[in-house]
Amino acid sequence: MAGKTSWFVRLLEEYRGWVILFFCLPASFVFDLCLKASNWIRRSTSSPQLHDKRVRKIQDEVREWNEQPESAKQPMCTSRPNWLSLSTTFFQKSKCHKIGVMLFDILKLDEEKMTVKVEPLVSVGEITSYLVPKGYTLAVTLEIADATCGGLALAVGMTTYSHKVGLYQESVVSYDIILGNGDLVHVTKDNEHKDLFYCLPWSHGTLGFLVAVELKIVPVKPFVHLKYIPVNGQNNYCNEIRKLSGALDKDADTPDYLETMVFSKNEAVILVGNFSDVTTDEQRNKINHVSKWYKPWFYKHVETFLRRGGGEEFIPLQDYLLRHNRSIFWVVEAMIPFGNHPMFRYLFGWLNPPKPAFLKFTTTPGVRAMTFTKQVFQDIVLPMTVLEKSINLAEELFDTYPILIYPCRIYNHGDNKGQLRQPRADQMCPDANYGMFYDLGVYGVPGKVKRKESYNVVETMRTMEQFIRDNGGYSFLYADIFMTREEFEVMFDLTLYRQCRKTYKADGAFPDLYDKIRPEIDVFKVGKKYAEKS
Ligand SMILES: Cc1cc2nc3c(=O)[nH]c(=O)nc-3n(C[C@H](O)[C@H](O)[C@H](O)COP(=O)(O)OP(=O)(O)OC[C@H]3O[C@@H](n4cnc5c(N)ncnc54)[C@H](O)[C@@H]3O)c2cc1C
Ligand SMILES: NC(=O)C1=CN([C@@H]2O[C@H](COP(=O)(O)OP(=O)(O)OC[C@H]3O[C@@H](n4cnc5c(N)ncnc54)[C@H](OP(=O)(O)O)[C@@H]3O)[C@@H](O)[C@H]2O)C=CC1
Ligand SMILES: CC(C)=CCC[C@@H](C)[C@H]1CC[C@@]2(C)C3=C(CC[C@]12C)[C@@]1(C)CC[C@H](O)C(C)(C)[C@@H]1CC3
């Protein structure tokens, strides 16, 4: 039996690419078809006109929960299974009382106000397909089609347009929330619930159930004119990012989209995109549908410009917005090392990406332990003042490239306005009410470049988190965190959040934020094991 198991495990490990190709990708494809079919059935029986009725049903369920004896009450969460969620943590919903918030409709497009009102489970892929043909897109559109408008609103979202508008939360005009007592409140930044308005982002459903969200949209053109600018030398590319993002001058003419992929300490490609029409033959010859299944993975395509010495293309907007979807940034490479081979792409490229939902659904405790201890998926918000330092530290700790940089405004809304602290004086843009920060994205298998042998995830991540706290930054909470509760409260300001939990009847009704987002694995037990080993 043992022999059989080790033969099987060896097959999985040594030929994992083939196993994924012949088993995971087709299974993921079928899985996706089933999900799509069930969404389609749900949508065809649902309609925006029935929104109020659906909301009343949820309110009734919450009121029923309130009528239970105190001793029987478990905190509430949505019934959406954790495997559908885009988070690396596996929050144990079995410890919660689950309420079905099955809301999938696009409610209203208001072209005068430039907003769109949606139910929370509308996905980024769906809203993009709805808005782009009408000449709009969300001000903050994610690259992953499966992220939902509601999940992003109550957690955090960021994109390559964020140097102009900030985080996803800045593009929210209003939230409709069902509170712990079943009341429905409409929350805006100017009405009597403004305190709640500032606390809902980064709250992960611990303040109430979201039933609708109104989001700002921006006018677009059918193409993005994308310039690929390779830069040598760390100071050079960091200075260029600061300049292009408007970090040094709030009146600088900034591009519509700005992204950087750092391929080694001294080599990066900066992507500068602007909305554009395509009218001339010369422009038409430079059209590139980067998201088609047979095209090279986007980051691999970008990397070629290090050798080619720069270039420009016209990319259809929808292709641009979902450019990282097919290879899930560079996550798929660790699973299918030959996935970017032209033969693979032409024959099987349409099967990619493996659905994150499928991967999560099939994650056994062993695979989870492996991804937890041997891989890194982190997005970190940091001020531009530590750009060089953070890249050097990421190299030292994780030893994996590429590293992703998305500049992003963090607004100073005043004192005690939500979980994010005011940017420090030296982090503010001159004469502006925001500081220029950025997302540092590190995804993959640590030790890839210098082939460092041992990777102690707990020690490494805690060093990174110390750096984040010291510099007034934040970890995205979809990822595993390694902080104690006390350290978490140094990173995030929970003063107003706590007040809101009381005022809006969330205490006892919803889990506490730290308890909801921390990994289900005992980080400190894992840390102790590493200590014993060494
Ligand atoms: C049935 C099945 C289900 C799976 N489900 C999931 C899942 O849910 N989630 C998930 O993330 N993965 C999943 N995988 C993918 C699989 O676990 C991958 O092997 C894993 O992502 C890679 O991690 P690893 O520690 O095994 O790295 P390795 O196999 O050691 O390496 C991954 C890649 O990095 C390179 N590399 C590793 N170490 C170094 C180094 N020191 N220097 C240079 N290069 C290096 C390797 O050459 C390889 O290309 C699944 C695989 C199978 C077969
Ligand atoms: N570029 C970016 O910024 C990207 C960000 N992400 C991250 O991915 C996540 C989004 O993924 P997605 O799968 O859409 O969302 P999730 O299902 O992961 O939801 C995120 C959190 O919001 C809560 N939530 C979601 N909907 C509701 C609701 N209607 N009422 C109350 N609480 C709710 C969830 O609680 P519950 O479990 O109770 O439902 C969960 O804690 C975010 O965490 C985001 O930060 C991912 C990709 C890219
Ligand atoms: C700000 C920006 C650009 C954010 C991009 C975030 C993505 C790279 C993240 C979001 C969700 C994410 C953590 C995910 C994964 C990879 C990285 C993702 C896609 C995977 C698929 C990695 C493999 C894991 O076993 C598992 C399946 C749990 C997760 C699921 C979520």
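Below, each value reflects all heavy atoms present in this structure, side chains not excepted, and no hydrogens, waters or symmetry copies. Numbering of ligands and ligand atoms starts at 1, following listing order.
- Taking the centre of each ring, Tyr299 and Phe263 stay at or above the 6.0 Å mark.
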What do the steps show when you test Tyr438 against His163 for side chain to side chain contact (heavy atoms under 4.5 Å, CB included), and what is the final call? CA-CA 8 Å; Tyr438 59 95; His163 62 291; over 6 Å; no
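- Nearest heavy-atom pair across Ile405 and Pro407 is O-CD, 3.9 Å.
- Scanning Leu154, Leu404, Leu142, Thr88 for the heavy atom closest to atom 4 (C) of ligand 2 points to Leu142.
- Ring planes of His324 and Phe298: perpendicular class, angle over 60° (limits at 30 and 60°).
- Protein heavy atom at the shortest distance from atom 6 (N) of ligand 2 is Tyr478 CD2, 4.1 Å.
- Per-residue contacts place Gly157 under 4.0 angstrom from the following atoms of ligand 2 (heavy atoms of the residue considered): 3 (O).
- Remark: Asp183 pairs with Arg63, Leu179, Asn181 by the side chain to side chain contact (heavy atoms under 4.5 Å, CB included) rule, at least two apart or across chains.
- Residue contacts with ligand 2, taken as heavy atom pairs separated by less than 4.0 Å, involve His204 via backbone and side-chain atoms alike.
- Here Phe476 has side-chain heavy atoms under 4.0 Å from ligand 2, and that is the only part of it that gets that close.
- Here Ser85 has heavy atoms under 4.0 Å from ligand 2 in both its backbone and its side chain.
- Of all atoms in ligand 2, listed by their number and element, those nearer than 4.0 Å to a heavy atom of Ala147 are 14 (O).
- Taking the ring centroids of Phe377 and Tyr443, they lie at or beyond the 6.0 Å cut-off.
- Aromatic ring pairs are classed by plane angle as parallel below 30°, tilted from 30° to 60° and perpendicular above 60°; the pair Phe372 and Phe482 is parallel.
- Considering only non-hydrogen protein atoms, atom 28 (C) of ligand 2 sits nearest to Leu210 N, 3.7 Å.
- Ligand 2 places these atoms under 4.0 Å from at least one heavy atom of Cys77: 38 (O).
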What verdict does the side chain to side chain donor-acceptor pair (under 3.5 Å) test give for His193 and Tyr175, after you've listed the backbone C-alpha separation in whole Å, the side-chain angles of each residue and the deciding distance to 0.1 Å? CA-CA 10 Å; His193 306 302; Tyr175 305 89; over 6 Å; no
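- Under a 4.0 Å criterion applied to the non-hydrogen atoms of Pro120, ligand 2 contributes the atoms 29 (N).
- Every atom of ligand 2 is numbered from 1 in the order shown, and the set under 4.0 Å from a heavy atom of Phe209 is 30 (N), 31 (C).
- Because its NZ or CZ atom is not both nearer than 6.0 Å to the ring centre of Tyr514 and within 45° of the ring axis, Arg485 does not count as a cation-pi partner of that residue.
- In this structure, Gln375 contributes its side chain and Thr373 its backbone to no donor-acceptor pair below 3.5 Å.
- Heavy-atom separations between Leu404 and ligand 3 include at least one value shorter than 4.0 Å.
- Protein heavy atom in closest approach to atom 45 (O) of ligand 2: Val156 O, 2.5 Å.
- Which of Glu119, Lys516, Arg80 comes nearest to atom 17 (O) of ligand 2 through a heavy atom is settled by distance: it is Arg80.
- Under a 4.0 Å criterion applied to the non-hydrogen atoms of Gly208, ligand 2 contributes the atoms 31 (C).
- For atom 11 (O) of ligand 2, the closest non-hydrogen atom of the protein is Leu86 CB, 3.4 Å.
- Heavy-atom separations between Lys93 and ligand 2 include at least one value shorter than 4.0 Å.
- Evaluated by nearest non-hydrogen atom to atom 28 (C) of ligand 3, the leading choice among Met335, Lys360, Lys355 is Lys360.
- Protein heavy atom closest to atom 15 (O) of ligand 2, with residue, atom name and distance, is Gly151 CA, 3.4 Å.
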Verdict with supporting geometry, Leu138 and Tyr161, side chain to side chain contact (heavy atoms under 4.5 Å, CB included): CA-CA 10 Å; Leu138 292 183; Tyr161 197 74; over 6 Å; no
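- When non-hydrogen atoms are compared, ligand 2 lies under 4.0 Å from the side chain of Ala155 (C-beta onward) but not from its backbone.
- With sequence neighbours left out, Thr254 forms a side-chain hydrogen bond (donor to acceptor under 3.5 Å, both in side chains) with Lys164.
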